Peer 1: 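My structure is below; once you've seen it, I'll send some questions.
Chain identifiers are assigned alphabetically (A, B, ...) following the order of the sequence lines, protein sequences preceding nucleic acid strands; residue numbering begins at 1 within each chain. Here the structure is a predicted model, which is why all the values come from computation and not from measurement.
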Amino acid sequence: MDEKFDAIVIGAGPSGNAAAYTMAKAGLKVLQIERGEYPGSKNVQGAILYSKALEEIIPDFREDAPLERHIIEQQMWVLDDASYVGSTYRSDEFNKQPYNRYTIIRAQFDKWFSKRVQEAGALLVCETTVTNLIMDRDRVIGVQTDREGGSVYADVVILADGVNSLLAKKAGFHAELEPGDVALAVKEIHFLPEETIQARFNIAEGEGVVIEMAGKITQGMMGTGFLYTNKDSITIGVGCMLSDFKQQKITPYALLEQMKAHPAIKPLLAGGEMKEYTAHLIPEGGYKAMPQLYGEGWMIVGDAGMFVNAVHREGSNLAMTTGRYAAETVIDLLQKKLPMTAANLAYYQGRLEDSFVMKDLKKYKNMPEVFHKNNQFFTDYPELLNRAAHTMLTVDGVDKKTKEREIRKSFKQRRSLFGLMGDAFKMWRAFE
Amino acid sequence: MIPEKAPVKVEEKLFQNRYRVDAGRPHINIKNPTTCQVECKTQECTVCCPAGCYTAEGNGQVVLITDGCLECGTCRIICTTYRNVDWEYPRGGYGVLFKFG
């Protein structure tokens, strides 16, 4: 395997596939290395696919991509122990083609994407773990794998190896992740007949619902829960900052089990057959926690580069977009016959800065900190909100003005007037 | 309040998953077991690992069995004080193989 390639892509998730596809399609000699049995076998996501990012790479993806349901309804629940206050947005506009987002099952989706990558001409090697980057002084010139005689060389190596990003750490490109930079999410997939899901969620064939949840289900930790409808299964999960798990010593699967037992959630899962339990880290450190993204002969894309917008639950779209930008950078340099030096690969950073990727990440750069230092957003407020709803909706002979006064008092008692004003200010600053 | 329930058995969840275990070649190792036993008072790995791979023994020892590992990276990152976890990916093709992901 002492062959030389134009580019090596490590990993066959959304970022790696986007990069390999884009380069192969442009005629480059591309090697993609995946440690799983097949692309997707090591990958975990909720999962929602945002069409736009994929459309820019494979415009006709809808023709044969394994898509579960297109989303027509989004719910947001704020939960107390035995209740929730929720908002729903549902629109028939979302039933107009082309659909904007879909639920997907990653093992199937990644396999499909990879097939397209191979059809475009990239060479994919599975069941192969890259153990180290091969360096010539400060320049990456290839990769070492766990196969016999498994060293391969290329002009540029694209690291699409996921959140743990071991290779970049071993090479000293960035430091170990901190518990405050990642969320730990656990989830299960429950199978139910298609018709049952449709009846339960008030949807027709092909239509899907997303429920995002915050509040007591995270037991005071900064995080959210989610429920997605697939074709004949439901994905349910919860993710919280790893630093909170560590500090509060909470067991993730016990947290998930308790969430599933919530009286508003349990009936939605009733009768389902659980077929897989997964865990995954999500790089939610945001802009301030981002590593160096390029250097001599290398670039980082996707989760490995901390490309996740935690506020808007975006990740796979950023992965695909960053994979594409990295690939286009390589294509551009090759066309101009320029070497893959850090100075030239800096063009990748420029592309990111000019796009929604960095603009959005910068916009929310204070968000992780704000939520982290103010866990009242995940504890006090959900409880207060639920109690307020309960007070207003209980017909018990107390007049409404008195009820309003009681609600105002409960908020002030819990957070004080300054606390409330401060919280409003913090939220405004964080989202500004 | 939701009533307290019997402890959740993670084994029942992991039983649904597909694995190809690399027998005798764990991809994660505790660097120095004495550090866990003697120095680490918090032993978060025994609580926070989503696959329950780390068990706190009565004598302060921490026992690691990686067979059910979900390859998330939690144990390596939360061991901030001692950095006592030697964490690699399994050999190509081994470890957890997600059916759905």
Peer 1: Quick check on B/Cys49 against chain A: is it the side chain, the backbone, both or neither that has a heavy atom closer than 4.5 Å?
Peer 2: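 The backbone, not the side chain.
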Peer 1: Shortest non-hydrogen contact from A/Val186 to B/Pro50?
Peer 2: CG1-CB, 3.7 Å
Peer 1: Is there side-chain contact between A/Glu37 and B/Arg18, with at least one heavy-atom pair below 4.5 Å?
Peer 2: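 Contact flag for A/Glu37/B/Arg18 side chains = yes.
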Peer 1: Should B/Glu44 and A/Lys249 count as an ion pair when the cut-off is N to O under 4.0 Å?
Peer 2: no
Peer 1: Give, as side chain, backbone, both or neither, the part of A/Lys187 having an atom under 4.5 angstrom from any heavy atom of chain B.
Peer 2: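 Side chain only.
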Peer 1: Using non-hydrogen atoms and a limit below 4.5 Å, what part of residues 87-101 of chain B faces chain A?
Peer 2: B/Trp87, B/Glu88, B/Tyr89, B/Pro90, B/Arg91, B/Gly92, B/Gly93, B/Tyr94, B/Gly95, B/Val96, B/Leu97, B/Phe98, B/Lys99, B/Phe100, B/Gly101
Peer 1: Less than 4.5 Å to any heavy atom of chain B: does that hold for the side chain of A/Glu34, its backbone, both, or neither?
Peer 2: neither
Peer 1: Just wondering, do B/Val47 and A/Ile250 contact through their side chains at under 4.5 Å, heavy atoms?
Peer 2: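 They are not in contact (no side-chain heavy atoms under 4.5 Å apart), so the answer is no.
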Peer 1: Please classify the contact of A/Asn43 with chain B as side chain, backbone, both or neither, using a heavy-atom distance under 4.5 Å.
Peer 2: backbone
Peer 1: State, with a plain yes or no, whether a side-chain heavy atom of B/Asn17 is found less than 4.5 Å away from one of A/Thr278.
Peer 2: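 B/Asn17 vs A/Thr278: side chains apart.
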Peer 1: With side chains defined as the heavy atoms from C-beta onward, is the minimum distance between A/Pro179 and B/Thr80 less than 4.5 Å?
Peer 2: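 Side-chain contact under 4.5 Å: yes.
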Peer 1: What part of A/Lys169 gets within 4.5 angstrom of chain B, counting heavy atoms only: side chain, backbone, both, or neither?
Peer 2: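 Only the side chain of A/Lys169 comes within 4.5 Å of chain B.
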Peer 1: Can you tell me which of A/Leu177, A/Leu256, A/Thr235 forms the most heavy-atom pairs within a distance under 4.5 Å of chain B?
Peer 2: A/Leu177
Peer 1: Heavy-atom distances under 4.5 Å only: say whether A/Asp161 touches chain B with side chain, backbone, both or neither.
Peer 2: backbone
Peer 1: With a 6.0 Å cut-off (strictly less than), is the heavy-atom count around OH of B/Tyr82, excluding the residue itself, greater than 12?
Peer 2: yes
Peer 1: Should the pair B/Lys9-A/Glu257 be classified as a salt bridge under the 4.0 Å nitrogen-to-oxygen rule?
Peer 2: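 Salt bridge between B/Lys9 and A/Glu257, a charged N being under 4.0 Å from a carboxylate O: no.
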Peer 1: Would you mind checking which part of A/Phe109 comes under 4.5 Å of any heavy atom in chain B, side chain (CB onward), backbone (N, CA, C, O), both or neither?
Peer 2: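 Neither part.
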Peer 1: I'd like to know if the side chain of B/Lys13 reaches the main chain of A/Tyr277, judged simply by a donor and an acceptor atom lying under 3.5 Å from each other, with no hydrogens or angles considered.
Peer 2: no
Peer 1: If you count heavy-atom pairs under 4.5 Å between each of A/Ile105, A/Leu281, A/Asp146 and chain B, which one has the most?
Peer 2: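 Looking at each of A/Ile105, A/Leu281, A/Asp146 in turn, A/Leu281 comes out on top.
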Peer 1: Can you tell whether the side chains of A/Glu176 and B/Arg76 come within less than 4.0 Å, N to carboxylate O?
Peer 2: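 Yes, this pair counts.
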Peer 1: Can you check whether B/Thr74 reaches A/Leu242 side chain to side chain, under 4.5 Å on heavy atoms?
Peer 2: yes
Peer 1: What distance separates A/Tyr253 OH from B/Leu70 CG, expressed to the nearest 0.5 Å?
Peer 2: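 Between A/Tyr253 OH and B/Leu70 CG, I get 11.0 Å after rounding to 0.5 Å.
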Peer 1: Counting heavy-atom pairs under 4.5 Å with chain B, which one of A/Leu166, A/Thr131, A/Leu184 comes out on top?
Peer 2: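 Going by pairs under 4.5 Å, I would pick A/Leu166.
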Peer 1: Can you see which heavy atom on B/Cys48 is nearest to which on A/Pro252, and at what distance?
Peer 2: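 So the minimum-distance heavy-atom pair works out to O-CG, 3.2 Å.
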